[in-house]
S.K.: 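Supplied in structure tokens, the structure appears directly below.
Numbers restart at 1 for each chain; the letters A, B, ... are given by sequence-line order, proteins then strands.
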Amino acid sequence: MTTICTSTQEALSGIADGATVLVGGFGMAGMPVHLLDALIDAGPRDLTIVSNNAGNGDTGLAALLSKGRVRKVVCSFPRQSDSWVFDDLYHRGLVELEVVPQGTLAERIRAAGAGIGAFYCPTGAGTILAEGKETRELGGRTHVLEYPLAGDIALIGAHIADRMGNLVYRKTARNFGPVMATAATTTIVQVERIVATGELDPETIITPSIFVDRVVAVGDHQ
Amino acid sequence: MTTICTSTQEALSGIADGATVLVGGFGMAGMPVHLLDALIDAGPRDLTIVSNNAGNGDTGLAALLSKGRVRKVVCSFPRQSDSWVFDDLYHRGLVELEVVPQGTLAERIRAAGAGIGAFYCPTGAGTILAEGKETRELGGRTHVLEYPLAGDIALIGAHIADRMGNLVYRKTARNFGPVMATAATTTIVQVERIVATGELDPETIITPSIFVDRVVAVGDHQ
Amino acid sequence: MTTTTPTPSTDRPRTKAQIAAAVAEDIPAGSYVNLGIGQPTLVADHIRADAGVILHTENGMLNMGRAAAGDEVDPDLINAGKVPVTEPAGASYFHHADSFAMMRGGHLDICVLGAFQVAANGDLANWHTGAPDAIPAVGGAMDLAIGAKRLFVMMTLLTKQGTPKLVPACTYPLTGLACVDRIYTDLATFAVSPDGVEVLSVHGTTFADLRALLDVPLVDAR
Amino acid sequence: MTTTTPTPSTDRPRTKAQIAAAVAEDIPAGSYVNLGIGQPTLVADHIRADAGVILHTENGMLNMGRAAAGDEVDPDLINAGKVPVTEPAGASYFHHADSFAMMRGGHLDICVLGAFQVAANGDLANWHTGAPDAIPAVGGAMDLAIGAKRLFVMMTLLTKQGTPKLVPACTYPLTGLACVDRIYTDLATFAVSPDGVEVLSVHGTTFADLRALLDVPLVDAR
């Protein structure tokens with residue numbers, strides 16, 4: 001059952017210290033900024049954050065990092081021109097980092113949602129990111145054994161939800177949302193608006209309601 | 001580059017003896033009946049057919065089987081009330097059968113299209129369908145190692161294509177089409193009609209043109 | 001795990017409809033449910049319309065509607081039994097790999113299946129008689145068996161020959177290991193537990209008679 | 001594999017724009033292409049509009065348009081470099097797992113990347129300097145390196161310090177093994193082959209000078 005929340009505060013209630021939080025978005029597209037603000041207010045500590053980047057500027061993930069709430073970041077691309085908050089914490093040894101190739105990150109999250117125990121992936125074979133990992137030759141190519149990456153919580157930014165919890169996305173803001181929604185115990189979604197069930201074209205629904213636990217409307221982001 | 005074919009005969013040209021052919025559809029929904037007719041006319045022999053079922057009645061896959069063109073069937077559910085053609089060939093030892101659980105069949109086809117070398121799957125562990133297969137305990141559960149299932153050819157029934165080769169499906173006729181389209185060297189699609197590029201809503205395109213080699217319009221099936 | 005009052009015991013064996021009604025009563029409001037082909041489809045008739053139970057069909061639809069009638073019949077809109085169904089508000093579609101990922105990933109709350117045999121430890125046999133001339137056809141049975149959070153079985157307690165189907169160990173080929181949670185039969189409802197098989201209700205028989213009839217350890221949990 | 005006439009040699013070293021133009025000339029009409037972040041994006045400016053080349057961006061779009069300007073800017077429509085782009089007719093969207101499945105599955109014809117170093121056997125190093133204080137950030141580089149059918153590298157042949165970047169073996173951490181097919185530089189175009197590195201054209205230098213400069217086996221293939 002999907003709960004329609006009336007505030008981001010309600011949507012972010014009950015997040016435990018030590019939780020693994022999947023955070024959608026690529027750049028600002030699909031970034032659940034309102035949910036991240038509410039996560040900061042909610043106060044849980046010692047979090048593991050799984051996201052493509054490790055925060056930009058001083059808001060969102062960067063603000064969460066700067067408040068010392070994050071123990072570990074799992075991401076593909078932590079180093080950016082405006083990732084000074086993460087850079088500083090990392091160089092001071094205050095945050096752990098696991099770098100995962102972007103496609104392997106997405107596939108490990110998918111595997112968690114899809115009940116796949118592990119998979120052999122050619123990406124990164126022979127590189128330092130595969131050091132210590134089990135490998136196997138398959139089809140004449142070295143593959144690395146990769147494990148599912150599940151979250152306690154997923155924070156997703158989508159376009160529109162219906163009252164049942166079905167989601168549509170918009171253009172490249174889709175990115176990590178649909179796979180992360182499948183891979184968390186509790187999936188929390190911010191949308192621009194919530195419409196009556198039946199108003200969304202079934203052929204456009206990318207995340208069915210079964211993957212959505214809480215949804216909150218935050219208004220148009222543009 | 002997607003080729004728009006003017007006949008199913010043109011669409012089915014050049015299929016070699018011994019080819020592995022992925023055939024979409026579940027029941028009659030999404031079944032590429034016109035392409036199967038053209039495959040029969042085209043004449044290749046010694047085929048391996050990968051599909052959910054093993055033919056119904058006397059048409060389509062059943063007709064292909066009855067003409068002795070099929071060496072092996074890989075499917076989840078060969079035995080149905082109207083699968084007499086397959087039943088007879090099987091009992092006479094004239095066709096090989098590999099039974100794969102339906103979800104594992106879909107996932108193995110996806111793996112082939114997604115460049116996954118192999119995956120550990122909990123389905124079927126401890127059953128006769130896992131006999132002789134490698135297993136591993138993961139997360140306290142026995143998983144079976146499953147390998148990708150690729151096709152030389154995929155025959156898909158979709159709803160509408162644009163001239164670039166992008167596809168939309170309709171309701172539960174989507175079924176195996178999108179994954180099979182990713183997993184074959186040559187993907188051949190029958191659609192009800194072909195529209196100008198730009199007429200399909202990008203948010204509804206389920207199979208991007210990159211997966212479509214040939215498309216042919218066969219008119220409304222209803 | 002039970003969220004409803006246990007079904008009261010009765011003086012007569014239950015009809016198929018009564019078994020289906022008992023299953024329906026034990027499905028919590030708002031559950032995501034897959035009803036297997038055959039007898040389990042009867043459960044749909046007994047789920048209260050206002051319970052918000054959402055049906056999944058493994059051929060790629062969530063929030064499946066009732067059977068279609070007359071002009072509603074659409075060959076592109078069928079269930080896993082290949083029966084035409086309807087599209088209620090809030091329905092969504094997905095391809096086969098995504099549909100079975102949903103199942104295997106543990107997102108469905110309940111799956112209801114028929115069975116040839118269930119063992120005291122929850123092993124399920126429901127796909128193959130093992131007869132030498134039988135064509136093996138598994139369909140989605142193994143995926144369904146291991147995928148849902150809880151698996152309910154519906155069956156008569158005895159074969160037509162009077163042999164119990166609740167057994168110390170299955171003699172038919174297995175569908176899944178230790179996967180069954182509840183068994184709804186004409187003569188009793190059972191729950192598989194670490195302490196043995198709990199009898200939750202009896203119908204037209206007694207606990208003592210069941211203990212005499214069945215070669216499995218029974219616990220009276222009425 | 002080459003479908004175009006080789007670029008003629010010239011008397012002067014090539015500018016970045018000329019390198020980009022040379023890459024563009026070697027992209028066959030109708031190819032599906034991913035242009036990496038940075039210098040490779042220049043290639044788009046040199047692809048003829050009527051060549052039907054279709055661009056993929058790994059954040060989930062096929063048939064990506066040119067950079068957006070003015071009112072076209074839409075925060076939900078960006079490329080992998082997080083630059084706003086446009087949506088041409090025939091564009092489609094997909095989530096991150098599907099996007100990298102498309103890449104890893106070998107469906108893209110060509111990927112163009114920058115590089116720190118390329119080894120004579122086609123090993124690529126382009127993601128990490130290995131400096132002790134550098135934060136490792138791989139993004140999609142490893143996926144791109146192993147995913148496309150052919151990988152083109154664009155770089156200056158020498159570092160600013162005058163050290164060759166085409167080397168017997170990479171000293172920087174690897175991105176992918178034996179994955180590079182072509183190397184387009186200011187001074188020459190190279191093809192990696194089993195017989196050594198083929199020189200396809202020279203610019204402002206001679207084959208003899210290249211042989212003296214580079215510590216790799218060169219084959220004159222002009």
S.K.: Who pairs with A/S209 by side chain to side chain donor-acceptor pair (under 3.5 Å), at least two apart in sequence or on another chain?
M.R.: C/Y32

S.K.: For the atom pair CD1 (A/I206) and OG1 (B/T204), what is the distance rounded to the nearest 0.5 Å?
M.R.: 9.0 Å

S.K.: With B/N166, which residues qualify under side chain to side chain donor-acceptor pair (under 3.5 Å), at least two apart?
M.R.: B/D162

S.K.: Looking only at heavy atoms, which of residues 140-158 of chain B get nearer than 4.5 Å to chain A?
M.R.: B/H143, B/L145, B/Y147

S.K.: To the nearest 0.5 Å, tell me how far B/I116 CD1 sits from A/T123 OG1.
M.R.: 7.5 Å

S.K.: Should the pair A/E203-B/R174 be classified as a salt bridge under the 4.0 Å nitrogen-to-oxygen rule?
M.R.: yes

S.K.: Which members of residues 106-115 of chain B, sorted by number, sit under 4.5 angstrom from chain A on a heavy-atom basis?
M.R.: B/E107, B/R110, B/G115

S.K.: Within a radius of less than 6.0 Å around CZ of B/R136, do more than 12 heavy atoms belonging to other residues, nucleotides or ligands occur?
M.R.: yes

